[in-house]
J.: 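Questions regarding the structure given below will be posed in turn.
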Amino acid sequence: MFSGQRFYIQQAGSVSKQQIRLLSAALSKAGAIVIDKIVNDQTPIDYFIADSKFSQFDCLKFSSSNNLTADSPVLAGCQFISVDWPVACLKAHQVLPFNEFKLRSLESVSESKSAEPDEPTSKRRRSAAVVVEEADVDSSATASTSLASESASQSLRLPPRVGAWICAQSSLSTPAVSEVACPANADIVRILGQMADTYGSTNDKWRVYSYKKAAQAVKRCSKPIDSRASAQSLPGVGSRLADKIWEIAQSGRLAKLDCLSSDETVAALKLFTSLWGAGPVTAQAWVAQGLRSLDDLASRPDLLNRQQKIGLKHYDDFLNRMPRSEAGEIESVVAEAVHQLGNGFIVQACGSYRRGRPDCGDVDVLVTHPDGRSHAGLLTRLVTHLERTGFLTDHLVSCEENGDHKKYLGVCRLPLSTNNSGQSERRARRLDIIVVPYNEYACSLVYFTGSEHFCRSLRHLAKRLGMSLNEHALYEGVIRRGAVKVNPGRPVNTPDEASVFQHLGVPYRPPNERDH
DNA sequence: ATACAGACAAG
DNA sequence: CTTGTC
DNA sequence: GTAT
Ligand SMILES: O=c1ccn([C@H]2C[C@H](O)[C@@H](COP(=O)(O)OP(=O)(O)OP(=O)(O)O)O2)c(=O)[nH]1
Ligand SMILES: [Mg+2]
């Protein structure tokens, strides 16, 4: 019946391993060749079979076969079809037409917008109610940034109105932490966030970027979203997300998310990527090998690297956020150790702690010395010291011994805590330490204080101004070809955090206003 | 077509 | 170089 | 996924 036809069956959704075995056997008997693994440079397959609830896109995205794209040679001329088709064919003892069984194609995307040329709602030029997204380049290019670049070629590009950047706004000025400007939009924000999380366990960071950005835009939107068009008028919301947002607004649900959430391989991907040291690629590989649970991982130490073993050991502790008081205790332990190793060191907890968050995922400690020299070689001594006292229990990343290492990522545990019902061991906590030369203090502080989003926004702004910002310094006179640096530029003198903001032309924001 | 931040460690 | 993390 |  299927003589010589090459099939691949995707295990996902309602298609279980067991079912694949049965179906494969039946198909083979009917003359088909069932491929169990798609490799890029093999004979192209004829049929990609999967649960009917998936689209072609989902198949590629969540497939355990890595590096598959729509135009991979193996997929040339391949049909994406629901499992229902071969099942029906076998039952009917004949090859049925598969028109009715095709999975949703990749190209339902085709220009749904005939972009009205002079549409006044075209993203920029909105009513002033919401002017809050970055890279929303307004034509009124003011903001002749005080000390900013003199690079002639760069100044030809319109500098964005700095006020439109995230890093120029206080995180307090917009909806309070985990709230929404308009309660009616809460579902939308929540669901877009869940979509971002879900895609977070795939390799598609730009999709995640967009979902997050759209969620932010909706969060800041002060009126209920009452039409598809009003959704698409939001910055960062295009045609596809507008559809999804509108679906949520009407029904309170998103079929796409319901579908993905109910899939066990997607759940496994999320579980695995929540393990420290495992990202989307590794998670995908484990799922492809049939692993689904932490117990499965524990039974296969050969598949785990050193860091992942530590991650597994402390799986629950690492997912748990500590009260800021505990972060304070940890900072004190580190500070005391540093001060035993020398005088005059600056020791400062940054990250979410410095931003004033009530709870912290880890403790990020920055160490420097005003004399500009004593920082050298400190980190090794510090780690050794803290290890001896039993405070540090595991090392995730410590630059071995090239003398001038700067970063340490590890695990610590505070001494027994005594409460009314006796003594109890405390949780293991993630501890990050950086030791930096004093001339890099300001930029390190900006970097290490975050938030991540705030940092990225600041760096993006710097780039648009012909500058460059990293944890070491702010550089001016940077020349790029596209995104590639041609000339690295020269470091700007930045004695303190405020000077970094100044050079970028944005108002200074204290740490608690950087919690974006 | 290209950018969406930029760096560093592990292996 | 890829992967993962800050 | 979106914007330029
Ligand atoms: O991709 C990243 C991740 C982090 N950081 C900076 C900002 C961040 O604030 C700091 C510390 O990282 P961490 O992951 O500890 O974030 P946090 O802001 O402290 O949050 P949490 O409470 O989860 O630790 O490092 C970045 O610049 N880029
Ligand atoms: Mg932190």
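Throughout, protein chains are lettered first and strands after them, A, B, ... in sequence-line order, and every chain is numbered starting at 1.
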J.: Of the nucleotides dC8(B), dG1(D), dC6(C), which has the atom closest to the Y211(A) side chain?
T.: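 Of the candidates, dG1(D) comes closest.
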J.: Have a look at K244(A) and say if it touches a base, only the backbone sugar-phosphate, or nothing, with a 4.0 Å heavy-atom cut-off.
T.: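 Since only primed, P, OP1 and OP2 atoms lie under 4.0 Å of K244(A), the category is sugar-phosphate.
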J.: Quick check for you: among dA5(B), dG1(D), dC8(B), whose closest atom lies nearest to any side-chain atom of E452(A)?
T.: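 Looking only at side-chain atoms, E452(A) lies closest to dA5(B).
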J.: Could you walk me through whether Y408(A) and H395(A) pass the ring pair (Phe, Tyr, Trp, His ring centres under 6.0 Å) check?
T.: CA-CA 8 Å; Y408(A) 169 83; H395(A) 309 312; 5.4 Å; yes
J.: Taking atom P in both dA1(B) and dA5(B), what distance in whole Å separates the two?
T.: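 After rounding to an integer number of Å, I get 22 Å for this pair.
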J.: Counting any heavy atom closer than 4.0 Å, what does D364(A) reach on the DNA or RNA strands: base, sugar-phosphate only, or nothing?
T.: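 D364(A): backbone/sugar contact only, no base atoms under 4.0 Å.
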J.: Mind checking the P distance from dC4(B) to dC6(C)? Whole angstroms is fine.
T.: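 The answer is 23 Å between these two P atoms.
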J.: Give the nucleotide from the list dC8(B), dG1(D), dG6(B) with an atom nearest to the side chain of R480(A).
T.: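 Among the listed nucleotides, the one closest to the side chain of R480(A) is dG6(B).
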J.: Check every atom of dC6(C), dA7(B), dC4(B) against the side chain of Y209(A) and return the nucleotide holding the closest atom.
T.: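 Selected nucleotide: dC4(B).
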J.: Closer than 4.0 angstrom, basic N to acidic O: yes or no for E497(A) and R354(A)?
T.: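 Salt bridge flag = yes for R354(A) with E497(A).
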J.: Hey, does L275(A) reach any base, or is it just sugar-phosphate, or nothing, if we go heavy atoms under 4.0 Å?
T.: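 Sugar-phosphate only.
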J.: Could you tell me whether A278(A) contacts a base, only the sugar-phosphate backbone, or nothing, with contacts defined as non-hydrogen atoms closer than 4.0 Å?
T.: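 Sugar-phosphate contact only.
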J.: Given dA7(B), dG4(C), dG11(B), which nucleotide is nearest the side-chain atoms of K485(A)?
T.: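 Shortest atom-to-atom distance from the side chain points to dA7(B).
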J.: Using whole Å, report how far CG of L304(A) lies from P of dG11(B).
T.: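 So the CG-P distance, L304(A) to dG11(B), works out to 12 Å.
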J.: Can you measure L458(A) atom CG to dC6(C) atom P for me and round it to whole angstrom units?
T.: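 Going from L458(A) (CG) to dC6(C) (P), I get 21 Å.
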J.: In whole Å, measure the gap between the P atoms of dG6(B) and dT2(D) for me.
T.: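 The answer is 23 Å between these two P atoms.
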J.: Using a heavy-atom cut-off of under 4.0 Å over every strand shown, decide if L469(A) touches base, sugar-phosphate, or nothing.
T.: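 Counting heavy atoms under 4.0 Å across all strands, the contact made by L469(A) is with sugar-phosphate only.
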J.: Measure from the ring center of F318(A) to the ring center of W276(A) and say whether it is less than 6.0 Å.
T.: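 No, too far apart.
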J.: Looking at D187(A), V237(A), D197(A), V218(A), which hits side-chain contact (heavy atoms from CB on, under 4.5 Å) with L192(A)?
T.: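 It is V218(A); the other options fail the test.
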J.: State which residues pass salt bridge (charged side-chain N to carboxylate O under 4.0 Å, His left out) with K313(A); sequence neighbours excluded, sorted by chain then number.
T.: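 Salt bridge (charged side-chain N to carboxylate O under 4.0 Å, His left out) check on K313(A) returns D394(A).
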J.: Should W206(A) be counted as stacked on dC4(B), where stacking needs a ring-centre gap under 5.5 Å and an angle between planes under 30 degrees?
T.: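 Taking the rule of under 5.5 Å and under 30°, the ring of W206(A) does stack on dC4(B).
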J.: Respond yes when some side-chain nitrogen or oxygen of H472(A) is under 4.0 Å from OP1 or OP2 of dC8(B), and no when none is.
T.: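 Answer is yes, contact under 4.0 Å.
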J.: Quick one: label R481(A) by what it contacts on the DNA or RNA (base, sugar-phosphate, nothing), any heavy atom closer than 4.0 Å.
T.: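 Nothing, no heavy atom under 4.0 Å.
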J.: Given dG6(B), is OP1 or OP2 found less than 4.0 Å from the side-chain N or O atoms of R459(A)?
T.: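 No, outside the criterion.
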J.: Within less than 4.0 Å of OP1 or OP2 of dC6(C), is there a side-chain N or O belonging to W276(A)?
T.: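 Result: yes.
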J.: Starting at atom CD of Q308(A), determine the distance to atom P of dA9(B), rounded to an integer number of angstrom.
T.: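 Whole-Å distance recorded here is 19 Å.
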J.: Which whole-number value in Å describes the distance from K213(A) NZ to dA5(B) C1'?
T.: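 Answer to the nearest Å: 14 Å.
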J.: Within the distance-only criterion (no hydrogens, no angle test), does the side chain of R355(A) pair as donor or acceptor with the backbone N or O of E513(A) below 3.5 angstrom?
T.: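 No: the side chain of R355(A) does not pair with the backbone of E513(A).
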J.: Examine dC6(C): is either OP1 or OP2 under 4.0 Å from a nitrogen or oxygen in the side chain of R430(A)? Give yes or no.
T.: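 Yes, within the criterion.
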J.: Nearest of dG4(C), dG6(B), dG11(B) to any side-chain atom of E471(A)?
T.: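 Closest of the options to the side chain of E471(A): dG6(B).
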J.: Using atom CD of Q284(A) as one end and atom C1' of dG4(C) as the other, report the distance to the nearest whole Å.
T.: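 It is 16 Å, rounded to the nearest whole Å.
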J.: Using a cut-off of 4.0 Å on non-hydrogen atoms, how would the nucleic acid contact of Y447(A) be classed: base, sugar-phosphate, or nothing?
T.: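 Result for Y447(A) = base.
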J.: Would one find a side-chain N or O of K205(A) under 4.0 angstrom from OP1 or OP2 of dG4(C)?
T.: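 For dG4(C), OP1/OP2 do not have a side-chain N/O of K205(A) under 4.0 Å.
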J.: Of the nucleotides dA9(B), dA3(B), dA7(B), which one has an atom closest to the side chain of V397(A)?
T.: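 When the side chain of V397(A) is considered, dA9(B) is the closest of dA9(B), dA3(B), dA7(B).
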J.: With respect to the phosphate group of dG6(B), does any side-chain polar atom (N or O) of K463(A) fall under 4.0 Å of OP1 or OP2?
T.: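 Yes, because at least one side-chain N or O of K463(A) sits under 4.0 Å from OP1 or OP2 of dG6(B).
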J.: For the pair Q348(A) (side chain) and L366(A) (backbone), establish whether a donor and an acceptor sit closer than 3.5 Å, ignoring hydrogens and angles.
T.: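 No; zero donor-acceptor contacts below 3.5 Å.
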J.: Starting the side chain at C-beta, find the nucleotide from dT3(C), dA7(B), dT5(C) nearest to N470(A).
T.: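 Of dT3(C), dA7(B), dT5(C), dA7(B) is nearest to the side chain of N470(A).
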J.: Would you say S398(A) places a side-chain N or O within less than 4.0 Å of OP1 or OP2 belonging to dA9(B)?
T.: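 Answer is no, no contact under 4.0 Å.
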